[in-house]
Amino acid sequence: YPTEEQQRKIAVFLNQKTSEIDSLIEIENQQIEKLKEYKQAVITEAVTRGLDKNVPLKDSGVEWIGKVPNTWESGTIKRVTKKITCGVAATPEYVEEETGVLFLSAQNIQNDKINLSTRRYINNDLYNKITKNTKPEKGDLLQVRVGASIGKCAIIDIDDVFGIYVSLSLIKPNELVISKFLYYYLQTSIFRKMSELYIDYAGSQGNLNVEDIKKIYIPIPSIKEQEAICD
């Protein structure tokens, strides 16, 4: 036990130092938020204006998007996808890993990637039933459609066979768009503003219906330009 005087000096020292550290943490957090805003601005600028700042522009015909390079097209997300669907609505009965198939939900989409630190499994019969018409494949996108994380997305880059819960939308790009370009577009402020028009807050949490995702507009550069923008 230190003496009372020593205890007081230690307490004063720690109060001062921890306060300084807390201030630094707050400054860092503010910088992180500014960098996130800057990151989104860079993405939005690139996927709606391209990389050539001198290219002639034309009106996209969509208020939210504004002008785009005159060689680009624009259309709804339905035009650039083969299919958009969502997972099973009922909460399934989970099984052990040894006897089941991986089952992903919104909690598995973290930091724009698929995170498998939390794993759940469903039986093969349910998996076959919910993927009878459409199976998630590499290169497809998963987007959170329910709750506080609405809009977060990831490109499927894992080899595991899996099914998805209703909190996720499965988006399958077609030949007009590469997965990475669509992935970046889904992170833009433009997509988020347009999706806000469709989010249903009638229940306890927001819900972005897959049919509404299809209605949202997207600029469509050539595949070569999409690849350059993504690079």
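Owing to the predicted nature of the structure, the values given are computational and were not obtained by experimental measurement.
Within the 4.5 Å cutoff, the side chain of Ile122 has heavy atoms near those of the Ile130 side chain. Residues Gln31 and Glu28 form a side-chain contact, since some pair of their non-hydrogen atoms from C-beta on lies under 4.5 Å apart.
Hydrophobic clustering of Ile, Leu, Val, Met, Phe, Trp and Tyr side chains at less than 4.5 Å, counting indirect connections, unites Leu51 with Ile65. Leu35 and Ile43 end up in different hydrophobic clusters when Ile, Leu, Val, Met, Phe, Trp and Tyr side chains are linked at under 4.5 Å. Using a 4.5 Å cut-off between side-chain heavy atoms of Ile, Leu, Val, Met, Phe, Trp and Tyr, with links allowed through other members, Ile213 and Tyr165 fall into different hydrophobic clusters. Cluster annotation: Phe191 and Val146 are assigned to distinct hydrophobic clusters (Ile/Leu/Val/Met/Phe/Trp/Tyr, side-chain heavy-atom contacts under 4.5 Å, transitive). Val80 and Trp64 end up in the same hydrophobic cluster when Ile, Leu, Val, Met, Phe, Trp and Tyr side chains are linked at under 4.5 Å.
The closest side-chain donor-acceptor pair between Thr76 and Lys215, if any, does not fall under 3.5 angstrom. Using a 3.5 Å distance cut-off with no hydrogens or angles, the side chains of Thr48 and Tyr185 do not pair a donor with an acceptor. Between the side chains of Gln6 and Thr3, a donor-acceptor pair is found at a separation under 3.5 Å.
Nearest heavy atom pair, residue Gln226 against residue Pro221, reads NE2-O, 2.9 Å. Looking at every heavy atom in both residues, Ile150 comes nearest to Gly147 through CG1-O, 3.1 Å. Taking both residues in full, the closest heavy atoms of Ser60 and Ser74 are given as O-OG, 3.3 Å, listed atom of the first, atom of the second, then distance. Scanning both residues, Lys172 and Glu137, for their nearest heavy atoms gives NZ-OE1, 2.9 Å. Across all their heavy atoms, Lys58 and Pro69 have their closest contact at CE-O, 3.9 Å. The shortest non-hydrogen separation linking Cys230 to Ile178 is SG-CD1, 3.9 Å.
Look at Glu45 and Lys53 and you find a salt bridge, because one of the NZ, NE, NH1 or NH2 atoms lies within 4.0 Å of a carboxylate O, short of that distance. In this structure, Glu20 pairs ionically with Lys17, as a charged nitrogen and a carboxylate oxygen lie closer than 4.0 Å. A salt bridge does not link Lys193 to Glu196: none of the charged nitrogens lies less than 4.0 Å from a carboxylate oxygen. Salt-bridge check for Glu73 with Arg79: passed, with a basic side-chain N closer than 4.0 Å to an acidic carboxylate O. Contact check on Glu5 versus Arg8 returns a salt bridge, with a Lys/Arg side-chain nitrogen under 4.0 Å from an Asp/Glu carboxylate oxygen.
Taking a 4.5 Å side-chain heavy-atom cut-off between Ile, Leu, Val, Met, Phe, Trp and Tyr, the cluster of Ile156 extends to Val95, Leu102, Leu104, Ile109, Ile114, Leu116, Tyr121, Leu142, Val144, Ile158, Phe162, Ile164, Leu168, Leu170. Side-chain heavy-atom separations under 4.5 angstrom define the hydrophobic clusters, and the remaining members of the one that includes Leu14 are Ile10, Phe13.
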What's the verdict on salt bridge (Lys or Arg N to Asp or Glu O under 4.0 Å) for Glu37 and Lys34, showing C-alpha distance, side-chain angles and the deciding distance?
CA-CA 5 Å; Glu37 292 175 6; Lys34 287 180 180 178; over 6 Å; no

With salt bridge (Lys or Arg N to Asp or Glu O under 4.0 Å) as the test, would you mind laying out the steps for Asp157 and Lys138 before giving the verdict?
CA-CA 5 Å; Asp157 59 356; Lys138 261 189 170 181; over 6 Å; no

Check the pair Tyr94 / Asn123 against side-chain contact (heavy atoms from CB on, under 4.5 Å), numbers first and verdict last.
CA-CA 7 Å; Tyr94 298 114; Asn123 64 57; over 6 Å; no

Verdict with reasoning, Thr134 to Lys83, per side-chain hydrogen bond (donor to acceptor under 3.5 Å, both in side chains)
CA-CA 8 Å; Thr134 306; Lys83 189 162 190 176; 2.9 Å; yes

What verdict does the salt bridge (Lys or Arg N to Asp or Glu O under 4.0 Å) test give for Lys82 and Glu175, after you've listed the backbone C-alpha separation in whole Å, the side-chain angles of each residue and the deciding distance to 0.1 Å?
CA-CA 9 Å; Lys82 292 181 284 189; Glu175 70 282 353; over 6 Å; no

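At least one donor-acceptor pair closer than 3.5 Å links the side chain of Asn108 to the backbone N or O of Thr118. The closest donor-acceptor contact from the side chain of Lys214 to the backbone of Thr81 lies at 3.5 Å or more, if one exists at all. Judged by distance alone, the side chain of Arg145 and the main-chain N or O of Leu208 form a donor-acceptor pair under 3.5 Å. Ser19 contributes no side-chain N or O that, together with a main-chain N or O of Gln16, makes up a donor-acceptor pair within less than 3.5 Å.
Residue Tyr217 qualifies as open at atom OH: its count of foreign heavy atoms under 6.0 Å is 12 or below. Counted within 6.0 Å of CG on Asn111, heavy atoms from surrounding residues, nucleotides or ligands total 12 or fewer; the atom is thus considered open.
For the pair Lys129 and Tyr127, the cation does not sit on the ring face, since its NZ or CZ is not both under 6.0 Å from the ring centre and inside 45° of the axis.
Relative orientation of the Phe181 and Trp72 rings is perpendicular, given thresholds of 30° and 60° on the angle between their planes.
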